[in-house]
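All values below come from the heavy atoms of this structure, side chains included, with hydrogens, waters and symmetry mates left out. Order of the sequence lines fixes the chain letters, A, B, ..., with proteins taken first and strands second; residue numbering starts at 1 for each chain.
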Amino acid sequence: MIPRPPKRTIPGAPIFDSEAARRGYLLNKMCYSFNSKANRDDFLRDERSYCEKFGLDQSQTTAILERDVLSLIRVGGGVYFLGKLASGVLGLDMQDIGALQTGMTKEEFKAKLVASGK
Amino acid sequence: MIPRPPKRTIPGAPIFDSEAARRGYLLNKMCYSFNSKANRDDFLRDERSYCEKFGLDQSQTTAILERDVLSLIRVGGGVYFLGKLASGVLGLDMQDIGALQTGMTKEEFKAKLVASGK
Amino acid sequence: MAKVVGIMTTSHVPLIGKAIHLGLQQDPYWKPFFDGFPPIREWLEKVKPDVVLACYNDHGLNFFLDKQPTFAIGTAATYTSEDEGWGIPTMPEFPGAEDLSWHVRDSLVRDDFDMVTCQEMSVDHAFTIPMALLWPDQKWPVKVVPVCVNTVIFPLPSARRCYKLGEAIGRAIANFPEDTKILVIGTGGLSHQLEGERAGFINKEFDLQFMDSMVTDPQWATQFSDLDLVEQTGNEGVELLNWLVARGTIPGPVRVVHSNLHIPISNTAAATMLLEPV
Amino acid sequence: MAKVVGIMTTSHVPLIGKAIHLGLQQDPYWKPFFDGFPPIREWLEKVKPDVVLACYNDHGLNFFLDKQPTFAIGTAATYTSEDEGWGIPTMPEFPGAEDLSWHVRDSLVRDDFDMVTCQEMSVDHAFTIPMALLWPDQKWPVKVVPVCVNTVIFPLPSARRCYKLGEAIGRAIANFPEDTKILVIGTGGLSHQLEGERAGFINKEFDLQFMDSMVTDPQWATQFSDLDLVEQTGNEGVELLNWLVARGTIPGPVRVVHSNLHIPISNTAAATMLLEPV
Ligand SMILES: [Fe+3]
Ligand SMILES: [Fe+3]
């Protein structure tokens, strides 16, 4: 195979491109199902089997069960779809999610946002 | 209301434009459901109530029940959707439909097609 | 003939929907954001637009990756607000401006914009929250035309393409043969980032530059690629593409009726502008 | 680098699917049409394309008017053939040429084509019947890229826009960094009309002119509006737009490997062409 020029990357900013979309299709399809409350409840009753129903692979299922946000992105999760999981299913807000991904406490994360506005 | 320029028409060739699409949305949605055999069978069991389920208006329902192809177009039916009704539900072919619309017999309609090829 | 009487741009953070529902508009956290809206509502009372044409991005409610549009336009009689999993209560349905929608759709296709036509459509928080900010009683006194821009999958439509879409919408409006007064809204942004190690990213300097460009140099941002915009404004800051579509609908200069930037609302640099044609 | 090794265009009348199923290829009615294909299959044996990129119109299977695309491209791993209500048996699923599909999708968006991206997709008779004509054993030896053009709702994308889409696909192919041999197919047409008082309309003269133009003046038909095409070739004859997309993928001259026109198959002027780049 003819080598391709390296993809442009932006540090800390994962891009949802074709590579992510291909990897994460079934994971995103599962999260899209969380538009519906009945589905969110179903998931919470038996998470592993809900993941299996949608055909997630092992690393995607593990990332879901472990609430591992950075891994969920790495295995192809798109942010709008993961947001339905985080918010609708797990009851987390974007500062919880931000703290999880940056290694800060939630208070530190919020304080940094406020500082950005000065 | 400011008068609009008259629409271009082509004799005998109904155009599926916004006017038809608006008029026929529910009729076309019903015919789109005929992709599925279970739905086609459902329709045949009780046509009027299937039409009502989809919210067709009186003239659309009448046109369906009477197999009135020219009226079905007039009430906003799009040909690809009506084709599923004609073919999948009613077991008619395009020469049956052609004969119905042109007032010819099926044999006359087919002979005219052959003559067009000479 | 129809006319764009103003452009309103605003952030559409889901948390705003919760704040509205819980009546938190006067809380210290929320007040600097919500205080931006009374002047806009006075303008609405004075100008009384007939239609809102909203440029926004669907976040996985009406569309999924099985059929992901680049640009879509609604032509329905009504639009519904649905559960999106963000905990925002749904809102009353919105009446569609059908004649205008179809006119714009047809004009855009003839202008070589490859639109998705939606005769039935749900509208997500990016559409509904701005409407609730403009009309808090949620008794919509306008008809609507929703226009969606893809910000789900990269590459996105370019900033230049988005601006041109706006211009084409403006041309369509200019030749709609009714004296309809149209408020164009563009929603989303400004700088923010939800995912990745750079979650929480904000770029106030770029936001101020961008807001200024909306008045002084509207095509300024069209120089940036989608990845340039991610770099400058964060992964979700790319929603400024909706602002560019909106801005494109007025070909000439605009004046600022109102402008507000408050950081943060949730993870977002929450910005609001109201512009009028000069 | 990837290369378009040929363009095959053919009618896709649903009745062909029934004829295949019932083994009617040698019947007097069918023979003049099916006899067009052995030379094409010999060419396939000799050239052995890796991929088929098919330009066609979906007839209300994968898409409905709730979200009706202008242009769509499949990027899936597989594509399924489904019941469409036309009585044609379904066919084995088709493997997707994923790398190429995404490459083309990305390139088209960067080239300002506002594509719908389909990560999951059914393919209708307009796609499946030509594949079965090329490979009657239905053991597909190629991967596929489906590209759909709206012929459902007017105004349609213009003939000129369709040709340009083809050119943009050609550019994308030319810079795909694998030595993939691509057969581009365009399906539908030629002249026919199913609905209205003019049902049964055929225009052999225009069909012959159009087929000639595919070789001698490929942009000839881009002078016509969608309604001009309806007038000249019948409501369903507008499917020649798919032929134009296909033809646009080869920028230079082509030679005719095979050409056949037989009237009628069902209501249609059934045409087939195989073209090679010179
Ligand atoms: Fe957003
Ligand atoms: Fe067809």
Side-chain angles (χ1 to χ4, degrees), chain C residues 58 60-77 79-80 102-122 146-165 168 172 222 225-227 241 245, chain D residues 58 60-77 79-80 102-122 146-165 168 172 222 225-227 241 245:
Chain C
D58 180 84
L61 175 68
N62 195 63
F63 300 114
F64 181 58
L65 296 159
D66 62 335
K67 302 179 175 67
Q68 178 62 36
T70 294
F71 295 138
I73 182 165
T75 61
Y79 299 93
T80 52
W102 281 110
H103 173 88
V104 173
R105 179 265 172 202
D106 288 355
S107 179
L108 289 177
V109 170
R110 291 188 174 113
D111 249 353
D112 289 350
F113 286 85
D114 316 310
M115 306 304 293
V116 173
T117 309
C118 298
Q119 290 199 254
E120 201 175 345
M121 187 174 182
S122 303
V147 175
C148 286
V149 176
N150 166 46
T151 62
V152 175
I153 176 157
F154 285 70
L156 308 180
S158 69
R160 190 193 65 244
R161 181 69 173 164
C162 291
Y163 194 88
K164 287 186 173 185
L165 175 64
T222 65
S225 72
D226 53 6
L227 295 184
L241 293 177
V245 179
Chain D
D58 179 82
L61 174 68
N62 194 62
F63 301 113
F64 181 59
L65 295 160
D66 61 335
K67 301 180 176 68
Q68 177 62 34
T70 294
F71 295 138
I73 182 166
T75 59
Y79 300 92
T80 52
W102 281 110
H103 173 87
V104 174
R105 179 266 169 201
D106 289 355
S107 179
L108 289 176
V109 170
R110 292 190 173 111
D111 248 353
D112 289 350
F113 286 86
D114 317 311
M115 304 306 290
V116 173
T117 310
C118 298
Q119 290 200 253
E120 200 173 348
M121 187 173 181
S122 303
V147 175
C148 287
V149 176
N150 166 45
T151 63
V152 175
I153 177 158
F154 284 71
L156 309 180
S158 69
R160 189 192 65 241
R161 181 69 174 162
C162 290
Y163 195 88
K164 287 188 180 194
L165 174 65
T222 65
S225 72
D226 54 4
L227 294 183
L241 293 178
V245 179

Which portion of [X] sits near chain D, non-hydrogen atoms under 4.5 angstrom:
{"X": "C:Leu165", "result": "neither"}
{"X": "C:Asn62", "result": "both"}
{"X": "C:Phe154", "result": "backbone"}

**Prompt:** Would the number of heavy atoms belonging to other residues, nucleotides or ligands and lying under 6.0 Å from NZ of D:Lys164 be above 12?
**Reply:**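 No, because the 6.0 Å sphere around NZ of D:Lys164 holds 12 heavy atoms or fewer from other groups.
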**Request:** Specify the closest pair of heavy atoms between C:Asp112 and D:Asp114, including all atoms of both residues, with the distance to one decimal.
**Result:**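 Between these two residues, the closest heavy atoms are O-OD2, 4.4 Å.
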**Side-chain donor/acceptor of D:Arg105 to backbone N/O of C:Pro155, under 3.5 Å** =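 Yes; judged by distance alone, with no hydrogens or angles, the pair exists.
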Highest number of heavy-atom pairs under 4.5 Å with chain D: which of [options]?
{"options": "C:Pro157, C:Cys118, C:Ser158", "result": "C:Cys118"}
{"options": "C:Asp66, C:Asp226, C:Val109", "result": "C:Asp66"}
{"options": "C:Arg110, C:Met121, C:Gln68, C:Glu120", "result": "C:Gln68"}

**Side chain / backbone / both / neither for D:Thr117 at chain C, heavy atoms under 4.5 Å** =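 Both backbone and side chain of D:Thr117 come within 4.5 Å of chain C.
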**Prompt:** Atom CD1 in C:Ile153, atom OG1 in D:Thr75: separation rounded to 0.5 Å?
**Reply:**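 Output value for this atom pair is 7.0 Å.
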